[in-house]
Every structure is written in structure tokens, then in C-alpha cells.
S.K.: 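After the C-alpha cells below, expect a handful of questions from me.
Below, chain A is the first sequence line, B the second, and so on; all start at residue 1.
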Amino acid sequence: MKSPTTVRIKVLKMFRNFKKTVVHSYRLGVKDLLVFARDRLRLVTFVIMPIFMMVMTGYVFPTENALKNAPLGVVNLDQGPLGAQIISALNQPTSGQGKKLLKLTYLGSETAADQQIREQEINGAIVIPADFSSKIAAGEQATIATITDQANPQISMMMSGTLDMLMSEISNQMATKKVETLIPGAANPEAVVNPFVVETRGIVPGNPNYFEFMAPGLMAMVIMMAAMIGLAGSVSRERELGTMDGILSAPISRLSVVVGKSFALGVRGLLQAALTLILAVLLFGVVVHGNLGLVILLLILTVFSFIGIGIMISAIASDQETAMTIMMTLMFPMMFLSGAFFPVQQMPMVLQWISKIIPLTYSVEALRKCIVLGTGLSGMTTEIWVMLAFGVVFLAIAIPVFGKVTTR
Amino acid sequence: MNMIEVQGLTKLFGKFTAVDHVSFQVKKGEIFGFLGPNGAGKTTVMRMLCTLLRPTKGSATVAGFDILKQPGRVREHIGLVAEKIILYDQLTAAENLTLFGRLNNLAEKEIRQEIDKWLSRLHMERWRNNQVGTFSTGMKQRINIARALLHHPDILILDEPTLGLDPQTTRAIHEFISELSQEEITVLLTTHDMNEADSLSHEIAIIDQARIVAIDTPRNLKRLVSDGDNRVMDIEIANLSQAMLSSLKKMDIVASVVETEPYRLRIRTKGDAAAGAIVGAIASQGGQIRAINTVEPNLEDVFLHFTGREMRDVSTGKVASTQRPPWRKGGSRVR
């Protein structure tokens, strides 16, 4: 049986060791931040990276109203007046900024349209047949054919969306007129054509904006990159430089090394994520609907969920290059499967399952809920628990691995 | 009292034996030289003693603590100057020293005092607040040594401390190391520089191909090759030929022959009147002797005596990774 004094001494010793570990971790973390802050090139890339990310996804990724002056071929074989009427309608629509959505190229035949698409002069074509006006006049259903450009699926999709919208509008107008002629004095001819209309609203004010979808994903990603690449890079750099030997031959616990590095990289990741958010708000009009404190908490949790993976890889990889290669291999699927850029729901089932074992998925999900929809803490308990679990499990594996590898 | 005691220390990397049953003791305040070519296993021994590597077999105590059972206590008592400089280029000299002082649990006031003391002893006060990245290798090494000494270690472990340094800095560091040993700091010095080992060490272990082949004082080691009947001589022959060499090698009184420079031989001899016999043998083949001197043997001769190879042949290449060591590829060596 142990006497109470020995137990007390043991507890006291444990507490002292814990305090030492915390202090050493802090010192090492501050050292890392100082070394980092004095490296001008790294500092510049640190600031530029989120800006690039934001601007890239902001201006390069296609959004619906980004379609402007898309070249569309028009083949009007119709002898009647309706064909010309449709073409003039196609010439009308403009985007919000007063720019034309479509640039029309008039062509003589359907084969000419095919040829032009093949040469990528146009990204689609619309063909109005010779009997278009006459059929409609005779009360028959007429057909308009559209030809898509399979080399440009995204533009084709946007174009056919725009065309569908325009066509149904024109067709509605025609139908309304017809109703007026068929039932003279009808109270509401539009109601006959469209018995009901759909009204859409969101739960927070404002229109859905692609950036609001992207910004949380980008923030989570920036943090993931800082935690994983930064950690592995930093550990293997110190090993190559030889400074790691100095740290490991000092009387400090291996845990302090791990915690110190994580602390420094966590701070860097948080700063970058904050920069991303500020840019999103200032440049792209993103509004944070949720609690800012909760956003920060989620970002810290994201760091936590990734640190273990970073440490494990840096421990296994013998040099910087290997560490980077492993990181990249892991990070790309994580980035694309997490729903940071593309919704998880549109992926095949297998990929959806895989996305469930990536911590980034939960981080993106929770951040999106909080920033876009203003969801509170109670609405994201699952995500928080899962991130915590990821962090604990990976760290529980990584710390012993790191300790073992550093004293082979 | 023995500050370092090593018993049968062995380290395997996969199937490669880096260190093979190495045993030695180092007394307090002694400078113990670890001499051997690159890849002989010196650094591996040192890393095991610093608890940076785990031995495959064998045991060791450093400052009375077992390297396997009490690695934390071992680390409290050692200062490490490894082959690569353990300093952050982006931090100033003082910041680097402060960081490592804190990691070694020194109080803030003590850290300041120690920094003052060591910087002045190493003539580096002027550079206190300059970033280490702007320093020359010699300056960095001085700060690096100060870093290793800041926390009053009982044992200073130096791995090739003067590698790549200019002669002045090398001399300054050598003097400094001697001073430390007078202050009761035990020094474990790893080197492949024979003069460094010879002039500094109280005791030397010659290590070759993972094994210690000899341990003794430099004086005793050298006595092995030049004592009693044993002599070392340099002979310069204007018309040296391969035939002359091979006939010299066959002589009973000749222990070894090495062509140290073109037309210049270093011959170790055994027995009486060896010099006369050799001169006679060369003359009988029409050799024109330009000069002949009896020389004080150095550790190179000792290494040759124990391993049958010249160390400087061995130490020109990285040996650890090559399956076929460079000394097998021939060269100027003739035996």
C-alpha cells in the first residue's frame, strides 16, 4: 500500500512535469514563430497564398452569371415571323452588369453549325426549323433543336440552362397570347398557362452566393495546409538542418516538441484563415451570419484534427521532399472529397463514404453552417465531436510514433 | 570516477553493423578522442550516448545515468556539438542561447550571466545581437559551443568540431577545449583529424569498421610503432620503381611501406640495423636516395599498424553507404 505522502509527491511531480512540458512547448512555439516571422520570403507567401486562393476561386471558378458574350450559333430556316421573334429575344438578355450573355453568329445550315462547334468558334447552336411558324400557326407543336459543345461541358450546361429559361419564357408569352385569343376576356390568361408559380426564399437574407459556399471551404483548407504541410515541413527541415538534434538532446519531453510545433503552426493557420475570411468579406461580399467566436473555435478544432496526421507523416518521412510528397498525395483527395469546392452530395456513393472519413469534410460542413446559415453550437455537435475524435485518435498514434522515430 | 562507461555497445541499421561491441571508459575531466575514418561508426556511438539513437545491444552510462533507463537525466548532463551546427540562422546569438538555456531549465538571470560569461570567453560579445545567419562558420561554431556549455554540462560531446574551419579558429577552439578539461569538464571528441586527436586527447580510441581496434594514450599508441626495435623512416628515391617497392615489401625487417608522396616512402621497420639494410637494398637495385630521415611516428602510423590501411585513404570518401569501400579501389598505397 502506498502512503498518502508518496501519492502526494507523485501528484506533485506529475504536475511539475506537466508545467514544464507546457512551458517548453510555449518556448519552442514562440521560437518557431520568430524564425518564421524573420524569414521574409516565407512571410510574403504566407500572406499571398490565401489571397491567391480567394481570387482564383472567386474569379476563375464558373458561376451562373459569369456567362457573358458566349458565342452561340443561330440557324434560322423559318420562313414565318416567329423565328425572327425568337432571335430578337435571344439578343436581349443581359447580365447584371449590362453585358450581353450571348453573342450570336448567324449560320446557314445545321452542318455549318456542327462545323463551327468542331472548330470551337461557337460553344453551341440553336436551330429553328423551316416549318416553325407554320406549325405553330396550324396549332401543332413545333420543335427547336439545340446543339451542345461536348468539349466544354460547363459552358454548354450554362448555355443550355440560359436557353431553356429563355425558350420557356418565349413559349409562355406565346401561350398567354393564344389563351387571350382563344378565350376572349379571360380574367387572367397567365394563370391558365401557369396555374402556379414557385417563389424561393432563403433562411438568411440575401441571394445565395458562390463565395459563401467557397469561403468556409477555403478557410478549412488553408488551415489544413498550414497544419499538415507546415508541420511536416518544419519537423523535417529541422532534422535536415540538425537543429532537431539540439532540441531532442535537451532535457525536455518529446511531447513538448510536438505541442510546440503544433502551437506555432496552429497560430499560423488561424492567421491565414482569418485573412481569408477578411478578404471574403471585403472583396466578395460574404456575410458571416453566425457567431465569430464559434468560427474561431471551429478553426482551432480543425487545426487539432489535422495535427496528428502531420506529425505522423513528418516522423515517418526522412527528409523534407518525402514529407511533401506524402502530404500532397494525401491532401489532394482530401481537398476535393471534403466538399470544400464541390458539394459532397453530387459525388458517387463510394466517394461520399470516403468523404466521411476525412476530417476536413466535417470542418467545412460546420464552418459553412455557421458562416452562411448562422447555425449555433447546438446545430453542429456531431461535427465537433467527430473533429475532436479525429484529433485525439491521430495524436494518440502520432506521439508515440514520433517518440520512437526520434530515438530509433 | 568514470563519467562515461560503455559496455558492448552495438548498433545495427537493418543488416548493416554501424557499431560493433564497443566498450570504453572516460574519466572525469578527461579529453577522450574518438579517432577513425568517416563511416567508422564514431557519430553513431556519440548519438547513442546523447540518447538520440537507441542501441541494438549493450549498455552505457553517462554521468552515472543509464542511457536507456534514464535518458532524461543523461540529457541534463551533456552538451552536444554535433556535426551540423545547432543554431537558428534567423535568431540572434543571444536569442539562440536564451532558447537553449530555457530548454535546459535555467533561470532567466542565470541565462543572462552564462551568456555574458561564454560570449566573452569565446570573444563573441560584439556579435551578441546579430542574427546567426550573418556569421561565418567559425563564428557560428563558437556560439554553437557556447550553446552546448550554457547549462554547465558535466560532459561535452564534440563531433568533428573543427571540420571546415580556418586554421586560426581551429587553434582557438583547440585551446578552448584544453581549458575546459582543466575545469573538470569531460570531453568526448570525435574526429578524423589525427593531429587534433593527438594534441588534445588524454586517451584515444581508434575505431575502424564499427570496432575499436585500440585504446590508449596517444603516447603509448605511438610507442607501439616506434619503440625498442621499431622505427619509422621517410626515404626519398629519385628513380623509384615498382620493382624496388615490391622487393622492399618482401624484406623481413619491413613492417609496412607507404608511398606518401611521389618518390617518397614511409617505411616502418622492425629489428636492428634496419636503416642500413634498407639503404643497401635500394642501392643494390640502382636506387638513388635523395634523403632519408627517421621520423616521429604519428597516429596515422598507428592506424596503419592496427588496420593495415592508411586512414587518409579511407577518410576521403563517404564510407557508410558504399558497399565497396574506396580503399578497395587501389590508390597510391603499396604494402
S.K.: What is the minimum heavy-atom distance between A:Arg254 and B:Thr51, and which atoms define it?
M.R.: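 Scanning both residues completely, I find the closest heavy atoms to be NH2-O, 3.9 Å.
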S.K.: Less than 4.5 Å to any heavy atom of chain B: does that hold for the side chain of A:Ile247, its backbone, both, or neither?
M.R.: both
S.K.: At a 4.5 Å cut-off on heavy atoms, which part of B:Leu80 comes close to chain A: side chain, backbone, both, or neither?
M.R.: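 Side chain only.
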S.K.: Any idea which of B:Glu76, B:Arg102, B:His151 has the most non-hydrogen atom pairs under 4.5 angstrom with chain A?
M.R.: B:Arg102
S.K.: If we define contacts as heavy-atom pairs under 4.5 Å, which of A:Gly246, A:Ala37, A:Ser249, A:Gly242 has the most with chain B?
M.R.: A:Ser249
S.K.: Do you know the tightest heavy-atom contact between A:Leu241 and B:Lys84?
M.R.: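 So the two residues come closest at O-CB, 3.5 Å.
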S.K.: Can you tell me which of A:Leu248, A:Leu28, A:Val23, A:Val30 forms the most heavy-atom pairs within a distance under 4.5 Å of chain B?
M.R.: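 Option with the greatest count: A:Leu248.
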S.K.: Check whether any side-chain heavy atom of A:Leu34 lies under 4.5 Å from a side-chain heavy atom of B:Glu95, and answer yes or no.
M.R.: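 They are in side-chain contact.
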S.K.: Would you say NZ of B:Lys117 has more than 12 non-hydrogen atoms from neighbouring residues, nucleotides or ligands within 6.0 angstrom?
M.R.: yes
S.K.: Is it true that atom NZ of A:Lys20 has more than 12 heavy atoms of other residues, nucleotides or ligands lying nearer than 6.0 Å?
M.R.: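 Open.
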S.K.: Grab the two heavy atoms, one from A:Pro251 and one from B:Gly72, that are nearest each other, plus how far apart they are.
M.R.: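 Minimum heavy-atom separation between A:Pro251 and B:Gly72: CB-O, 4.0 Å.
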S.K.: Under a 4.5 Å heavy-atom cut-off, does chain A meet the side chain of B:Leu99, its backbone, both or neither?
M.R.: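 Side chain of B:Leu99 only, per the 4.5 Å heavy-atom cut-off to chain A.
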S.K.: State which residues pass side-chain hydrogen bond (donor to acceptor under 3.5 Å, both in side chains) with B:Glu30; sequence neighbours excluded, sorted by chain then number.
M.R.: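 B:Glu30: no side-chain hydrogen bond (donor to acceptor under 3.5 Å, both in side chains) contacts found.
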S.K.: Considering only heavy atoms, which portion of B:Arg73 lies under 4.5 Å from any heavy atom of chain A: side chain, backbone, both, or neither?
M.R.: neither
S.K.: In Å and rounded to the nearest 0.5 Å, what is the CG to CD1 distance from B:Asn104 to A:Ile252?
M.R.: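 CD1 of A:Ile252 is found 8.5 Å from CG of B:Asn104.
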S.K.: Does B:Glu125 CD have over 12 foreign heavy atoms under 6.0 Å away?
M.R.: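 Buried by this count: over 12 neighbours within 6.0 Å.
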S.K.: Do the non-hydrogen side-chain atoms of A:Arg38 and B:Asp89 ever get within less than 4.5 Å of each other?
M.R.: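 A:Arg38 does not reach B:Asp89 side chain to side chain.
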S.K.: Check whether more than 12 heavy atoms from other residues, nucleotides or ligands sit under 6.0 Å from atom CZ of B:Arg211, and answer yes or no.
M.R.: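 Incorrect, the count does not exceed 12.
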S.K.: Tell me if the CZ atom of B:Phe176 is crowded by more than 12 foreign heavy atoms within 6.0 Å.
M.R.: yes
S.K.: Taking every heavy-atom pair that is under 4.5 Å apart, which of B:Ile157, B:Ile86, B:Leu87 has the most such pairs with chain A?
M.R.: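 Heavy-atom pairs under 4.5 Å are most numerous for B:Ile86.
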S.K.: Sort and list the pairs that fulfil salt bridge (charged side-chain N to carboxylate O under 4.0 Å, His left out) and have at least one residue in residues 230-240 of chain A, not counting sequence neighbours.
M.R.: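 Checked against salt bridge (charged side-chain N to carboxylate O under 4.0 Å, His left out) - neighbours excluded - the pairs reaching residues 230-240 of chain A are A:Lys31-A:Glu238, A:Glu238-A:Lys261.
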